[in-house]
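Please read the structure below before turning to the comments.
Just so it is clear: chains get the letters A, B, ... in the order the sequence lines come, proteins before strands, and each one is counted from 1.
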Amino acid sequence: MTTAADRILAAVREIPHGQVASYGEIATRAGLPRRARLVARVLSHNDDAALPWHRVVRADGCIALERDSAAFNEQCGRLRAEGLTVDNGRVRRQRREPDLDQQVWGPAD
DNA sequence: ACGGTGACAAGCG
DNA sequence: ACGCTTGCCACCG
């Protein structure tokens, strides 16, 4: 039988290299909306070394682990190794184009 | 059963 | 962008 934990782990494994997902997103993708805290719990108990747990961050981009803890540093390192920018414990979000208006509305002639 | 806790999230000032 | 508050839900003593 597939347990909730199984589906959560599967969802985590589907996060592409070089990308991150929030606990809430993973919960939803696992068919468990509003179970972000369950995702956190599952990860904290996970033993699978192959699981890309480092790609899971909080909705605001912050790393959820305690600052300067071994796990925290491990996560930072792995994310940077995948090409992401981690600044002050937070993964930089995709910066929106400053001229987004132009892209959407066309040049302001 | 009940209250505290936690690798969370969204709304509001 | 930050800090607070509230909602959330599984676990544990």
Side-chain angles (χ1 to χ4, degrees):
Chain A
M1 77 177 261
T2 74
T3 67
D6 291 333
R7 298 207 303 279
I8 287 172
L9 293 174
V12 171
R13 281 188 264 265
E14 283 173 27
I15 306 173
H17 180 286
Q19 290 191 205
V20 293
S22 74
Y23 292 85
E25 282 176 292
I26 294 305
T28 298
R29 290 175 194 170
L32 301 163
R34 285 177 292 289
R35 298 292 184 286
R37 303 191 88 140
L38 177 57
V39 174
R41 202 183 135 65
V42 168
L43 288 191
S44 69
H45 290 299
N46 169 66
D47 53 343
D48 182 2
L51 188 77
W53 56 270
H54 56 284
R55 295 180 191 146
V56 185
V57 299
R58 290 201 314 218
D60 60 5
C62 277
I63 285 176
L65 298 163
E66 185 186 357
R67 298 284 294 223
D68 301 326
S69 66
F72 174 92
N73 292 322
E74 174 72 15
Q75 185 164 15
C76 283
R78 289 198 189 189
L79 290 175
R80 293 201 177 104
E82 296 194 0
L84 291 170
T85 303
V86 182
D87 165 47
N88 202 350
R90 159 182 263 178
V91 179
R92 281 208 178 156
R93 301 159 164 286
Q94 284 287 349
R95 62 175 74 260
R96 35 183 212 282
E97 292 297 316
D99 52 346
L100 177 59
D101 280 0
Q102 272 193 38
Q103 291 192 29
V104 177
W105 296 101
D109 76 322

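Taking 4.0 angstrom as the limit, A:R90 places a side-chain polar atom (N or O) nearer than this to OP1 or OP2 of C:dC2. For B:dG6, neither phosphate oxygen OP1 nor OP2 lies less than 4.0 angstrom from any side-chain nitrogen or oxygen of A:S44. Residue A:R35 places no side-chain N or O under 4.0 Å from the OP1 or OP2 atom of C:dC8.
Under 4.0 Å is where a charged nitrogen must lie from a carboxylate oxygen, and between A:R93 and A:D87 no such pair does. Of the charged side-chain nitrogens involved, none lies within less than 4.0 Å of a carboxylate oxygen, so that A:E82 and A:R78 do not count as a salt-bridged pair.
The shortest side-chain heavy-atom distance between A:P52 and A:I15 does not fall under the 4.5 Å cut-off. A 4.5 Å side-chain heavy-atom check between A:R7 and A:T2 finds at least one atom pair inside the cut-off.
No donor-acceptor distance shorter than 3.5 angstrom exists from the side chain of A:R37 to the backbone of A:Y23, with no hydrogens or angles considered.
Spacing of P atoms, C:dG13 relative to B:dA7, comes out at 15 Å, to the nearest Å.
In this structure, CD1 of A:I63 is placed 14 Å from P of B:dA9, rounded to the nearest angstrom. The CG atom of A:L43 sits 13 Å away from the C1' atom of B:dG6 (whole-angstrom rounding). In this structure, the CD atom of A:E74 is 14 Å from the C1' atom of B:dA7, given to the nearest Å. Between the CD1 atom of A:I8 and the C1' atom of B:dA7 there is a distance of 13 Å, rounded to whole Å. Rounded to an integer number of Å, the gap from A:L79 CG to B:dA7 P is 18 Å. One atom, CG of A:L38, and another, C1' of B:dA9, lie 15 Å apart when rounded to the nearest Å. Rounded to whole Å, atom C1' of B:dA10 lies 17 Å from atom OH of A:Y23. In this structure, A:N73 atom CG and B:dA7 atom C1' are separated by 15 Å, rounded to whole Å.
Base contact: A:R37 has a heavy atom under 4.0 Å from a base atom.
For a distance-only test at 3.5 Å, the side chain of A:R41 fails to qualify as a donor-acceptor partner of the base of B:dG6.
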